[in-house]
Amino acid sequence: MTVQRYCQLLPGAKYGKNDQKWFPNWIRRYATGKEKAENLPLTVDSVIAFCQSLLNSNTPAWQRLQAVRAVESYRDLVLNTDQPCLKDIKVKLGQLADQERVDGTGTGAPGVSDERKLIGLIDPNEPAIIQRMRRSLRVMRKSLETERAYIGWIMRFILACGDDDLELFGEKEIKAFLTRLAVEGDVSEGTQSQAKSALLFLYQKVLGRELEFLDVTKATKEGKLPVVLS
């Protein structure tokens with residue numbers, strides 16, 4: 001819920017178009033593993049740990065700086081405080097970004113080509129929610145195989161709902177969709193679980209919504225074993 005509140009407050013804040021576009025993705029990434037808290041824990045140490053995780057995944061300094069600025073905006077908008085002070089972290093990342101630009105190892109400042117490196121090419125003809133889903137998956141460095149599978153399930157969910165404005169739907173529709181897969185679709189438990197994971201990613205990571213417990217009819221069909229193992 002706290003991420004959803006942040007996404008609601010951000011459009012009214014004085015941030016540039018690029019920040020408005022990317023800040024929610026960084027906050028969702030920062031929120032990974034912290035979703036159960038009423039507000040995201042925010043300390044200098046937690047931000048440094050976040051930066052280290054980004055560095056470990058080869059995220060350039062300018063993107064790490066953007067991520068810290070996003071966390072700072074969450075602090076200002078949701079927590080309504082000026083603490084912790086993140087100035088020193090931003091200054092250091094700015095210096096690293098400048099050095100990367102000089103060395104030719106980083107882009108130095110965000111632009112169209114940099115966004116393509118971050119999210120890949122997105123088909124503008126796809127539904128807006130699918131484009132948002134792809135961006136989030138790529139920012140979080142999910143595999144192409146996972147992206148294809150998740151997008152496939154979201155497209156099927158859109159067809160089931162009859163509308164691509166998925167913010168209009170929630171637990172009721174998700175439960176009905178997953179139950180229908182088990183009862184009518186005759187899918188394996190693993191397949192149903194993958195569909196559920198795709199929907200949870202969409203609602204929690206992309207839309208920033210907390211979902212109630214999903215009590216669905218579980219699939220009982222066993223997955224097919226390769227011939228050599230059967």
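Being a predicted model, the structure only gives us computed values, none of them experimental. Just the heavy atoms: all of them, side chains too, but no hydrogens, waters or symmetry mates, feed the values below.
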Rounded to the nearest 0.5 Å, how far does [atom2] of [Y] lie from [atom1] of [X]?
X: Tyr30; Y: Leu54; atom1: OH; atom2: CG; result: 11.5 Å
X: Ser73; Y: Lys14; atom1: OG; atom2: NZ; result: 15.5 Å
X: Leu159; Y: Ile154; atom1: CG; atom2: CD1; result: 11.5 Å
X: Asp76; Y: Leu10; atom1: CG; atom2: CG; result: 11.5 Å

Answer whether the closest heavy-atom distance between the side chains of [X] and [Y] falls below 4.5 Å.
X: Leu42; Y: Thr81; answer: no
X: Trp22; Y: Gln63; answer: no
X: Asp88; Y: Lys92; answer: no
X: Asp163; Y: Ile158; answer: no
X: Leu93; Y: Leu96; answer: yes
X: Tyr150; Y: Leu202; answer: no
X: Arg69; Y: Trp26; answer: no
X: Cys161; Y: Phe177; answer: no

Checklist entry - Among all residues two or more places apart in sequence or in another chain, which pass the side chain to side chain contact (heavy atoms under 4.5 Å, CB included) test with Glu126? => result Asp123, Ile130, Gln131, Arg134
Checklist entry - So Tyr6 and Tyr74, would you call those rings parallel, tilted or perpendicular, with 30° and 60° as cut-offs? => result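 Geometry flag for Tyr74 against Tyr6: tilted rings.
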Item to check | Candidate pair Trp153 and Ser197, rule side-chain contact (heavy atoms from CB on, under 4.5 Å), full reasoning | outcome: CA-CA 10 Å; Trp153 285 116; Ser197 294; over 6 Å; no
Checklist entry - Do you reckon Phe50 sits in the same ILVMFWY cluster as Val44, going by side-chain contacts under 4.5 Å, direct or chained? => result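 Same cluster.
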Checklist entry - Transitively linked via ILVMFWY side-chain contacts under 4.5 Å: Val206 with Leu168? => result yes
Item to check | Leu40/Val78 under side-chain contact (heavy atoms from CB on, under 4.5 Å): CA gap, chis, key distance, verdict | outcome: CA-CA 9 Å; Leu40 299 177; Val78 178; over 6 Å; no
Checklist entry - Can you check side-chain contact (heavy atoms from CB on, under 4.5 Å) on Thr2 and Glu38, steps first, answer last? => result CA-CA 6 Å; Thr2 186; Glu38 181 178 355; over 6 Å; no
